[in-house]
Amino acid sequence: MLQSKLFTKTRKEAPKDEVAENAKLLIRAGFVHKEMAGVYSYLPLGLRVLRNLENIIREEMNKLGGQELFLSALQGKEIWEKTNRWDDRVVDNWFKTKLKNNAELSLAFTHEEPIARIMSQFVSSYKDLPFSAYQFQVKFRNEARAKSGIMRAREFLMKDLYSFSRNENEHDSFYKKAKEAYERIFASVGLADVTYITFASGGSFSKYSHEFQTICETGEDIIYVSEDKKIAVNKEVYDDKTLKDLGLKKEELKEKKAIEVGNIFSLGTKFSDAFNLYYADENGEKHPVIMGCYGLGVSRLMGAIVEIFSDEKGIIWPESVAPFRVHLLRLGESSEIASHADSVYAGLQKAGIEVLYDERKDASAGEKFADSDLIGIPWRVVVSAKTSASGKLELKNRKTGEVKMINEEDLLNHVK
Ligand code: ATP
Ligand code: MG
């Protein structure tokens, strides 16, 4: 894409009321626009990152056999009353509204109730099970505090997967596979080393749930990490009983701040009981379906990536999620430089590499370098009078800072 055509521009300052580093950088670099506290719009660069994350996650969900769907955000009051979740004293972050005839509605903060009700229309026999379904959907939560930028928003993108099994064994084996899929997702985005599977409070059907907590100074959770065992315990269940359950010793645990990027949960029969999600076994006997839910905050993950992968100059995108792979900078206006840069651009595009080409005439070299560091595309390629004279290109890696002069033929080998 030609940078002169990109309607977003970088800016020197973030809005005064923005305190979170992830949002400051994303706003300054033109990835998101802040509508109000806890509400962000995604601009072209930001949407490219979000879509890359979605695709990484979707691929793993499909490997699990998950079937993609898209549920409505608007939901009526009745189904939440069935599980006692409509009451504001039980769920304190509802956004509620009304129809013209005064019927009460809400913007869903999660989708266990709607999906259980839908599935009750399709499941009747053991032959219909097991299966799983997922969506990428905007969730609405009236969060009390919204100081963590896109990591805690009032409107945010979540991937939620739900599993439907005949019995505990079948559920456990899916749960294990889902856990592994999550591990692969966090590895793909470069967060494997700092993301811990964390024991957190369960519910009436299981002792613990599992959170995926990414160590991060600005995280809102406190966890106790065992680096040796590569697991952690959330402060909410950090007691002698939990440590004994897991064999963990207080000496070996370190207190860390972390951000919860994912959460997987055994739901048992809570929702299937409420919505008559039953199946008949081989003998015609009826049983409730065993459910699990598996949440992952896509936009929160984007924020966590920025918190972790950035420096004083800007963002440092991991290659798997970067909005473009190469940032091509043309410095100088001579026709020789211009045609050289144009041909590099064409060559990269032909090879299927996504390039942001900074061919702006009204920006200085200094501005182009600063913008490039701020936007954080993994590879920067410079075409200038100097490089054209030597017949080479200057290639810089945003992460390592390493600079190389290379032949045009070698460029593809480096950035592919
Ligand atoms: P938290 O404990 O951080 O409030 P939660 O336990 O309420 O999150 P879940 O209901 O399990 O979160 O939602 C699944 C995932 O959605 C979370 O793991 C997180 O990644 C993401 N998420 C939850 N709340 C927000 C939010 N306000 N903004 C952005 N992402 C969120
Ligand atoms: Mg939580």
Side-chain angles (χ1 to χ4, degrees), residues 20 22-23 26 32 34-42 46 50 53-54 56-57 61 73 80 83 85 90-95 107-115 134-162 175 178-179 181-183 185-186 189 191 195-203 206 208-216 218-223 232 234-237 257-267 270-271 291-308:
N22 66 80
L26 288 166
V32 305
K34 184 174 189 169
E35 298 291 343
M36 62 186 100
V39 183
Y40 298 87
S41 291
Y42 288 77
L50 221 46
L53 285 170
E54 253 184 48
I56 290 169
I57 298 165
M61 295 301 106
W80 307 90
T83 51
R85 290 217 280 184
V90 179
V91 172
D92 65 0
N93 60 13
W94 275 119
F95 280 109
L107 288 164
F109 70 100
T110 186
H111 280 88
E112 283 87 3
E113 280 83 348
I115 204 160
Y134 71 96
Q135 64 174 340
F136 289 92
Q137 224 259 8
V138 176
K139 301 283 195 263
F140 296 86
R141 295 186 184 182
N142 197 347
E143 302 277 3
R145 293 167 304 131
K147 292 194 191 123
S148 297
I150 64 167
M151 295 202 299
R152 182 170 300 283
R154 297 196 165 102
E155 179 183 334
F156 61 92
L157 185 65
M158 194 201 286
K159 182 283 301 169
D160 40 331
L161 166 77
Y162 302 87
Y175 191 90
K179 208 196 277 177
Y182 270 57
E183 280 164 359
I185 291 166
F186 297 118
V189 302
L191 292 177
T195 301
Y196 283 79
I197 185 128
T198 302
F199 290 79
S201 54
S206 63
Y208 304 107
S209 68
H210 292 100
E211 294 173 342
F212 290 81
Q213 292 274 4
T214 301
I215 307 292
C216 169
T218 50
E220 292 179 20
D221 287 5
I222 304 281
I223 62 168
N234 193 307
K235 193 174 184 176
E236 64 186 24
V237 296
K257 282 190 183 164
I259 179 81
E260 178 202 312
V261 285
N263 191 355
I264 65 176
F265 220 92
S266 294
L267 300 172
K270 176 175 173 184
F271 297 92
M291 283 177 62
C293 74
Y294 313 81
L296 198 161
V298 187
S299 47
R300 176 179 287 184
L301 180 58
M302 175 170 163
I305 288 170
V306 175
E307 290 281 332
I308 290 167

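Values below: every heavy atom of this structure, side chains too, minus hydrogens, waters and symmetry copies. Both counts, for ligands and for their atoms, begin at 1 and track the order of listing. Here the structure is a predicted model, which means the values were calculated and not measured.
For the residue pair Q135 / D160, a side-chain donor-acceptor distance below 3.5 Å is found, with atom types taken as modelled. Side-chain contact of Y182 with H210: a donor-acceptor pair under 3.5 Å is absent, judged by distance alone.
Taking distance alone, with nitrogen or oxygen atoms compared against 3.5 Å, M158 stays at or beyond that limit from ligand 1. By the 3.5 Å distance cut-off applied to N or O atoms, G297 is counted among the residues near ligand 1. For S299, no nitrogen or oxygen atom sits less than 3.5 Å from a nitrogen or oxygen atom of ligand 1, counting backbone and side chain alike. Considering backbone and side-chain atoms together, I150 places no N or O closer than 3.5 Å to any N or O of ligand 1. Polar contact check, R300 against ligand 1: a nitrogen or oxygen pair lies under 3.5 Å apart.
Relative ring orientation between F109 and W80 is described as tilted, the plane-to-plane angle lying within the 30° to 60° band.
Within the 4.5 Å cutoff, no side-chain heavy atoms of M61 are placed close to those of Y294. Counting heavy atoms from C-beta on, the side chains of R152 and R300 come closer than 4.5 Å. With a 4.5 Å cut-off on side-chain heavy atoms, I150 and Y42 count as touching. Annotation: side chain of L157 is not in contact with side chain of L53 (no heavy-atom distance under 4.5 Å). Looking at F186 and L296, their side chains come closer than 4.5 Å, going by heavy atoms from C-beta outward.
Contacts of M151 with ligand 1, taken as heavy-atom pairs under 4.0 Å, involve the backbone alone. Residue E260 touches ligand 1 through backbone and side chain together, judged by heavy-atom distances below 4.0 Å.
Near N263, with a cut-off below 4.0 Å to any heavy atom, the atoms of ligand 1 are 6 (O), 11 (O), 18 (O). Close approach to E143 involves these atoms of ligand 1, each under 4.0 Å from a residue heavy atom: 24 (N), 26 (C), 27 (N). If you number the atoms of ligand 1 from 1 as listed, the ones under 4.0 Å from a heavy atom of A153 come out as 26 (C), 27 (N), 28 (N), 29 (C).
Closest heavy-atom approach to atom 9 (P) of ligand 1 among the candidates R141, R154, E220: R141.
Residue V261 places a heavy atom under 4.0 Å from ligand 1.
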